[in-house]
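Inspection log for the structure reproduced underneath, given as structure tokens.
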Amino acid sequence: MGFNDFDWNNARTENGAIRVEGTTEATMSILRWVYMWMGLGMLTTAMMAYLTYSTPALLAVATSTVGVFGSIILSLGLVFALSFAINRVSPMVAGFMFFGYALVLGFSLSTIFLVYTSGTISTAFFTTSVMFGIMTVFGFTTKMDLTRFGAFFMMALIGLIVAMVINFFIGSSALDLIISWVGVLIFVGLTAYDTQRIKYMAADPAMQADSDMAMKMSIIGALGLYLNFINIFLFLLQILGGGRD
């Protein structure tokens with residue numbers, strides 16, 4: 001069984017609810033790995049961001065045109081490579097790709113220290129942590145089937161990207177604020193959605209029976225939650241403002 005081969009239709013009961021058959025102990029073991037990977041990824045990003053900011057030579061590269069666009073291309077490449085090749089690579093390779101992405105993102109995020117005050121960054125991080133925690137608990141405990149909203153979230157993300165591209169050319173501050181609020185709402189919703197999706201997949205007996213696939217699932221699951229957290233954080237930074245003079 002591959003991570004991307006999970007059949008949500010066959011996983012549903014006759015009344016439409018998701019069928020959960022795996023053992024609770026095995027499910028919780030996989031979920032612990034998900035949050036361990038996410039925590040290590042965030043720590044890696046934070047350390048890389050601080051290292052880059054405090055090293056003039058690295059910061060000069062990070063703020064250069066080559067550094068900015070190079071980081072964007074490399075980070076997108078790693079995300080897509082990990083997402084689409086997860087079934088074909090080993091858990092070790094998947095782990096290296098995950099940490100590679102965390103390092104590249106930390107390198108590019110170092111520039112926020114040049115734009116925002118430490119107070120604004122701390123407030124945005126704390127607020128993001130609270131929102132993320134609440135929606136994670138909601139996604140894990142709710143009886144509502146959030147997996148049915150997958151198409152809605154996909155369309156919302158596409159709309160958000162289109163709006164961001166349009167605003168890149170017109171430079172509207174009002175539209176930028178609207179985009180930021182909508183972005184927060186979308187990724188807050190995605191946090192609950194992804195949490196429930198990971199929970200159901202971790203409870204699948206076939207997933208639990210394959211240790212390699214379970215480990216890769218924990219990595220790709222951590223990546224999804226990690227991306228949600230980072231996007232909420234960045235959109236909140238734009239909302240809070242508090243830039244340096």
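Predicted model, so just to flag it, every value in this text is computed and none were measured.
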Is a side-chain donor or acceptor of [X] paired with a backbone partner of [Y] at a separation under 3.5 angstrom?
X	Y	result
Thr142	Gly139	no
Ser54	Tyr50	yes
Lys216	Pro91	no
Ser64	Gly67	yes
Gln196	Lys143	no

Please report the shortest heavy-atom distance between [X] and [Y], naming the atom on each side.
X	Y	value
Ala62	Thr52	CB-CG2, 3.9 Å
Ala192	Phe138	CB-CD2, 3.9 Å
Asn87	Met213	OD1-CE, 3.9 Å
Met201	Met217	C-CE, 4.2 Å
Val34	Ala222	O-CB, 3.2 Å
Phe229	Ser129	CZ-OG, 3.6 Å

Out of curiosity, [X] [atom1] to [Y] [atom2], how far, rounded to the nearest 0.5 Å?
X	Y	atom1	atom2	result
Leu157	Phe153	CG	CZ	8.5 Å
Ser180	Ile232	OG	CD1	13.0 Å
Thr136	Tyr35	OG1	OH	4.5 Å
Ile198	Thr27	CD1	OG1	13.0 Å
Ile121	Tyr116	CD1	OH	9.0 Å
Met215	Ile30	CE	CD1	9.0 Å

Tell me whether [Y] is reachable from [X] by hopping between hydrophobic residues (I, L, V, M, F, W, Y) whose side-chain heavy atoms are closer than 4.5 Å.
X	Y	result
Ile219	Tyr226	yes
Ile112	Leu51	no
Leu103	Leu74	no
Leu185	Leu175	no
Val165	Val162	no

Less than 4.5 Å apart, any side-chain heavy atom of [X] and any of [Y]?
X	Y	value
Leu190	Phe187	yes
Met48	Phe99	no
Ser122	Phe126	no
Ile220	Ser83	yes
Met42	Phe233	no
Tyr101	Thr45	no
Met135	Asn228	no
Phe98	Leu78	no

Original post:
Does the side chain of Tyr53 pick up a donor-acceptor pair with the side chain of Thr111 at under 3.5 Å?
Top reply: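 Absent: no donor and acceptor within the cut-off.
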Original post:
Ring centres of Phe149 and Tyr193 under 6.0 Å apart?
Top reply: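 That pair fails the under 6.0 Å test.
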Original post:
CE of Met47: more than 12 outside heavy atoms within 6.0 angstrom?
Top reply: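 Incorrect, the count does not exceed 12.
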**OP:** Please lay out, stage by stage, how Thr120 and Thr123 fare under the test side-chain hydrogen bond (donor to acceptor under 3.5 Å, both in side chains).
**Re:** CA-CA 5 Å; Thr120 300; Thr123 300; over 6 Å; no
Subject >> Test side chain to side chain contact (heavy atoms under 4.5 Å, CB included) applied to Trp37 and Leu223, step by step >> reply: CA-CA 8 Å; Trp37 279 107; Leu223 177 64; over 6 Å; no
**OP:** Decide yes or no on side chain to side chain contact (heavy atoms under 4.5 Å, CB included) for Val61 and Phe107, but give the supporting numbers first.
**Re:** CA-CA 9 Å; Val61 176; Phe107 178 76; 3.8 Å; yes
**OP:** Please step through side chain to side chain contact (heavy atoms under 4.5 Å, CB included) for the pair Met38 and Phe132, ending with a clear verdict.
**Re:** CA-CA 12 Å; Met38 179 186 171; Phe132 183 89; 3.3 Å; yes
**OP:** Give a yes or no on whether a salt bridge exists between Arg148 and Asp145, defined as a side-chain N under 4.0 angstrom from a carboxylate O.
**Re:**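 So Arg148 pairs with Asp145 through a salt bridge.
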Original post:
With respect to Ser172, which candidate in Leu177, Asn167, Ile179, Ile166 satisfies the side chain to side chain contact (heavy atoms under 4.5 Å, CB included) definition?
Top reply: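 Between Ser172 and the candidates, side chain to side chain contact (heavy atoms under 4.5 Å, CB included) is satisfied uniquely by Asn167.
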**OP:** Step by step, work out the side chain to side chain contact (heavy atoms under 4.5 Å, CB included) result for Ser110 and Leu59.
**Re:** CA-CA 7 Å; Ser110 63; Leu59 187 61; 4.1 Å; yes
